[in-house]
Amino acid sequence: TSIRVTGSIDVSSDASGRRGAGGSDGSCMVNNGEPQLSPGSMYAGGGAGGSFADRGGTGGAGEGMVGAMSPPKVTGPFLLRGGCKGGDGGQGQHLGSPAPGGNGGGAVYLASGGVLTVAGSVLANGAGGAAGFADVTTGGDFQGGGGGGTGGVILLEGHVTVQTGAVVMAAGGGGGGGSYTTAMGTAGGGPNPADPTRPASGGVAASGSQGNGGNGSVGTAGGDGFYGGDLGGGGGGGGGGPGIVRMPIDAVVNGTVVP
């Protein structure tokens, strides 16, 4: 039996809150950003990017803090499982919820006893982390951005061909930007299958802050989030690490495979 993928098989997680099938596996370690210690000062740090096939980025430190280190990459026997969630951003003094880290990508297994041709796309990307929330009432909260989620797992088995223009991708999402007084940053971006070798962009910090999120990974480790800075914003979330793509060593690859 042969399989030909002409459209898109997509088990990615995204900023809408959708979690790809099996994404954010429960066995993953997650490191959240440090919370804000006092109103108007000691600003919160960004969450660490998720780690899977390689490490995510370190969360950007808040004022007077150490950034959240990303967990070790996942080792051990290979399993069909989803990727890992990014850490939540550090919580502010007044706001009830931290900026959530992005979900890890899901898992997909395609097996053929004959030819398996990918002419479209197979995707298991991680989501970007949310931006640090702002306290529009008092302006006293400085939240860190959420870390990006990792890519998931894509397993292709058979006589595999990835045709020219096709994309097989399991990349990490960008970290969210930190907030500053009453202004939010922007969320980390998700990987773009139309430009698969470009990392997902980290979120931009709120005006007056330096706490941008780190870029997501398309290969090795995710990018580090940035320090909230002397101007006092929350730290940026770290970028998510890469997922796993496995196919036979004799696969014919004319398209793009990430990582």
Side-chain angles (χ1 to χ4, degrees), residues 13-17 30-50 56-70 85-103 126-149 172-190 199-216 222-240:
S13 297
D14 61 32
S16 72
V30 177
N31 286 347
N32 300 324
E34 294 196 41
Q36 183 180 3
L37 297 181
S38 61
S41 64
M42 302 304 288
Y43 314 117
T58 299
E63 183 187 28
M65 299 183 185
V66 177
M69 294 295 295
S70 59
K85 181 180 178 296
D88 294 343
Q91 192 165 342
Q93 284 285 308
H94 305 105
L95 296 169
S97 300
N103 282 312
F133 300 131
D135 180 2
V136 298
T137 302
T138 69
D141 274 22
F142 299 78
Q143 287 200 321
S179 71
Y180 178 73
T181 63
T182 60
M184 288 182 65
T186 63
S201 59
V204 177
S207 176
S209 170
Q210 299 166 348
N212 290 344
N215 290 339
D224 292 341
F226 289 83
Y227 169 50
D230 298 329
L231 296 175

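Because only heavy atoms are used, hydrogens play no part in the values below, and waters and symmetry mates are left out as well, while side chains stay in.
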| field | Ser70: partners by side-chain hydrogen bond (donor to acceptor under 3.5 Å, both in side chains), with sequence neighbours left out | value | Arg55

| request: Considering non-hydrogen atoms only, spot the tightest contact between Ala183 and Ala206 and give its length. | output: O-CB, 3.2 Å

| What are the two closest heavy atoms between Met69 and Asn31, and how far apart are they? | O-ND2, 2.6 Å

| request: Please name the pair of heavy atoms, one in Ala99 and one in Ala130, separated by the smallest distance, quoted to 0.1 Å. | output: CB-O, 3.8 Å

| task | Work out which heavy atom in Val30 is nearest to a heavy atom in Lys85; give both atom names and the distance. | result | CG2-O, 3.8 Å

| note | With sequence neighbours left out, the residues meeting side chain to side chain contact (heavy atoms under 4.5 Å, CB included) with Ala131 are Met184

| request: Indicate the atoms forming the closest heavy-atom contact of Ala15 with Ala127, along with that distance. | output: N-CB, 4.3 Å

| said: Show the nearest heavy-atom pair for residues Asp88 and Asn32, with the distance to one decimal. | reply: N-OD1, 2.8 Å

| message | Using only atom types and a distance under 3.5 Å, with no angle test, would you say the side chain of Gln143 pairs donor to acceptor with the backbone of Ser97? | response | yes

| query | Would you say the side-chain atoms of Asn212 pair up with the backbone N or O of Gly177, donor to acceptor, closer than 3.5 Å? | reply | no

